[in-house]
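Just so you know, these numbers come straight off a predicted model, no measurement behind them. Letters A, B, ... mirror the listed sequences (proteins, then strands); counts begin at 1.
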Amino acid sequence: MQRGPTLDRSFFDRPALVVAPELLNKVLVSGDRAARIVEVEAYEGADDPASHAFRGPTARNATMFGRPGHLYVYFTHGLHWCANAVCGPDATPSALLLRAGAPVAGVDQMRVARQQGRSVARHDRDLCRGPARLAQALGIDGQADGADLTQGRGIIRFADDGVDPPDPPGLSPRVGIRLAVERPWRWYVPGDPNVSGPSMNSAGGRSMKSPKADW
DNA sequence: CTGCCGATATACT
DNA sequence: GTATATCGGCAGC
């Protein structure tokens with residue numbers, strides 16, 4: 001499986017804005033499947049109107065108010081699951097939405113998991129590009145909410161396989177929100193084709209016609 | 001590639 | 001009733 005140590009609690013027990021760029025290029029392991037995280041977004045608490053935690057704890061967002069290093073999984077739009085890594089400080093809501101990854105192991109299982117009814121991911125690039133796709137590809141759903149990511153033997157964890165975070169990382173506003181859109185709290189790996197949404201890259205010779213604004 | 005639209009759980013007014 | 005941290009299918013370019 002994946003080489004390298006499992007990220008421990010001290011890694012996550014810091015503000016999400018600090019952890020975010022360091023989490024890029026770490027490997028999210030779920031059973032026999034793994035994806036290199038190439039895009040994350042930070043969400044805070046009472047001062048972040050775009051966050052689920054903005055209005056205080058509920059049954060759904062309880063994990064966000066819990067301990068750093070756990071997985072917050074929520075259901076959205078009536079169909080999709082999305083996964084977050086809870087950050088610090090302890091007992092204050094703070095999390096990183098895992099928005100996209102590059103498949104690195106268990107790709108066959110990912111292809112199976114991503115086939116629902118008639119929908120089929122036609123390119124491997126579509127397996128983990130997007131928060132709900134990433135969760136589905138890795139088999140993460142509501143059962144994984146609250147899982148401890150820092151147990152080395154846990155089913156879901158982050159491995160550091162020695163690939164450094166990008167320097168500098170890409171930075172932009174968060175995707176798909178209406179409030180606090182001006183905050184540049186989305187980090188990504190420049191040039192990675194698995195990044196969802198706007199990214200200042202054309203790695204692999206992809207088009208990049210009318211240059212989109214990028215922070 | 002871009003844009004529109006529907007599916008529909010959860011939280012909220 | 002409305003809004004939402006999304007996605008897939010389709011139309012059109």
Side-chain angles (χ1 to χ4, degrees), chain A residues 16-17 19-20 23 28 35 37-65 70-87 93-101 110-146 171-188 193-214:
Chain A
L17 274 59
V19 178
L23 193 59
L28 175 61
I37 297 301
V38 298
E39 181 185 352
V40 300
E41 277 178 2
Y43 288 88
E44 295 287 345
D47 57 347
D48 182 6
S51 172
H52 288 167
F54 181 60
R55 299 167 197 277
T58 65
R60 178 167 74 155
N61 67 18
T63 303
M64 258 190 99
F65 288 81
H70 287 243
L71 194 68
Y72 167 44
V73 183
Y74 67 88
F75 198 52
T76 190
H77 287 90
L79 1 168
H80 302 299
W81 296 98
C82 296
N84 304 245
V86 176
C87 295
S94 162
L96 292 173
L97 172 63
L98 309 175
R99 282 200 59 91
M110 291 184 187
R111 292 196 191 102
V112 172
R114 290 273 297 117
Q115 288 181 10
Q116 300 281 45
R118 293 160 159 254
S119 72
V120 177
R122 291 209 268 277
H123 308 99
D124 284 353
R125 177 179 190 228
D126 292 330
L127 289 175
C128 302
R129 191 187 55 175
R133 291 166 173 169
L134 175 66
Q136 186 178 37
L138 292 178
I140 294 172
D141 61 17
Q143 289 189 45
D145 183 41
L171 189 59
S172 88
R174 292 175 289 184
V175 172
I177 58 171
R178 304 291 298 271
L179 301 173
V181 292
E182 75 286 356
R183 301 185 193 183
W185 284 2
R186 169 178 174 261
W187 286 259
Y188 59 90
N194 296 280
V195 172
S196 78
S199 66
M200 191 153 92
N201 74 70
S202 53
R206 276 323 152 278
S207 68
M208 170 82 194
K209 29 182 180 185
S210 41
K212 268 205 163 168
D214 199 279

By side chain to side chain donor-acceptor pair (under 3.5 Å), A/Thr63 pairs with (sequence neighbours left out) A/Asp145

For A/His123 and C/dG9, give me the distance from atom NE2 to atom C1', rounded to whole Å. 15 Å

Going by the side chain to side chain contact (heavy atoms under 4.5 Å, CB included) test, name the single residue among A/Val38, A/Leu28, A/Leu138, A/Asn84 that passes it with A/Leu98. A/Leu28

Regarding A/Arg178, tell me which of base, sugar-phosphate or nothing describes its non-hydrogen contacts under 4.0 Å with the strands shown. sugar-phosphate

Rounded to the nearest Å, what distance is computed from the CH2 atom of residue A/Trp81 to the C1' atom of nucleotide C/dT4? 16 Å

Heteroatom pairs (N/O) under 3.5 angstrom, protein to nucleotides 7-9 of chain B:
| residue | atom | partner | partner atom | Å |
| --- | --- | --- | --- | --- |
| B/dT8 | O2 | A/His77 | O | 3.1 |

Would you kindly give the CZ-to-C1' distance between A/Arg129 and B/dC1, to the nearest whole Å? 11 Å

How many angstroms lie between OH in A/Tyr74 and CG in A/Leu97, if you round to the nearest 0.5 Å? 5.0 Å

From CG of A/Leu179 over to P of C/dA5, roughly how many Å is that when rounded to an integer? 8 Å

Okay, side chain of A/Arg133, backbone of A/Ala100: is any donor-acceptor separation there less than 3.5 Å? no

Examine C/dG8: is either OP1 or OP2 under 4.0 Å from a nitrogen or oxygen in the side chain of A/Arg114? Give yes or no. yes

Using the side chain to side chain donor-acceptor pair (under 3.5 Å) criterion, which residues pair with A/His52? Sequence neighbours excluded. A/Tyr72

Check the phosphate of C/dG8 against A/Arg133, side-chain N and O only, distance under 4.0 Å to OP1 or OP2. Yes or no? yes

Euclidean distance, atom CZ of residue A/Arg99 to atom C1' of C/dA5 [Å, nearest integer]: 7 Å

N/O donor-acceptor pair under 3.5 Å between A/Arg114 side chain and A/Asp126 backbone: yes

Can you tell me how far C1' of C/dA5 sits from CG of A/Leu96, to the nearest Å? 12 Å

Within a strict 4.5 Å, meaning less than it, do heavy atoms of the A/Phe54 and A/Leu179 side chains meet? no

With sugar-phosphate meaning primed atoms plus P, OP1 and OP2, does A/Ile177 contact a base, only sugar-phosphate, or nothing at under 4.0 Å between heavy atoms? sugar-phosphate

Quick one, A/Val175 and A/Arg186 - any side-chain contact, counting heavy atoms below 4.5 Å? yes

Should stems be defined as at least three consecutive Watson-Crick or G-U pairs with both distances under 3.5 angstrom, which of them involve DNA chain C? B:1-7 with C:6-12, B:9-12 with C:1-4

Nearest whole angstrom, please: distance from the P of B/dT10 to the CG of A/Asp145. 12 Å

Nearest to the A/Ala59 side chain among C/dT4, B/dA11, C/dG8, which nucleotide is it? B/dA11

In whole angstroms, how far is the C1' atom of C/dC7 from the CG atom of A/Asp126? 11 Å

With a 4.5 Å cut-off on side-chain heavy atoms, are A/Leu71 and A/Ile140 touching? yes

Below 4.0 angstrom, which residues in residues 43-58 of chain A have at least one non-hydrogen atom near DNA chain B? A/Arg55, A/Thr58

Is a side-chain donor or acceptor of A/Arg174 paired with a backbone partner of A/Arg183 at a separation under 3.5 angstrom? no

Sequence neighbours excluded, which residues qualify as side chain to side chain donor-acceptor pair (under 3.5 Å) partners of A/Arg55? none

Hey, could you give me the CD/OG distance between A/Glu41 and A/Ser172, rounded to the nearest 0.5 Å? 7.0 Å

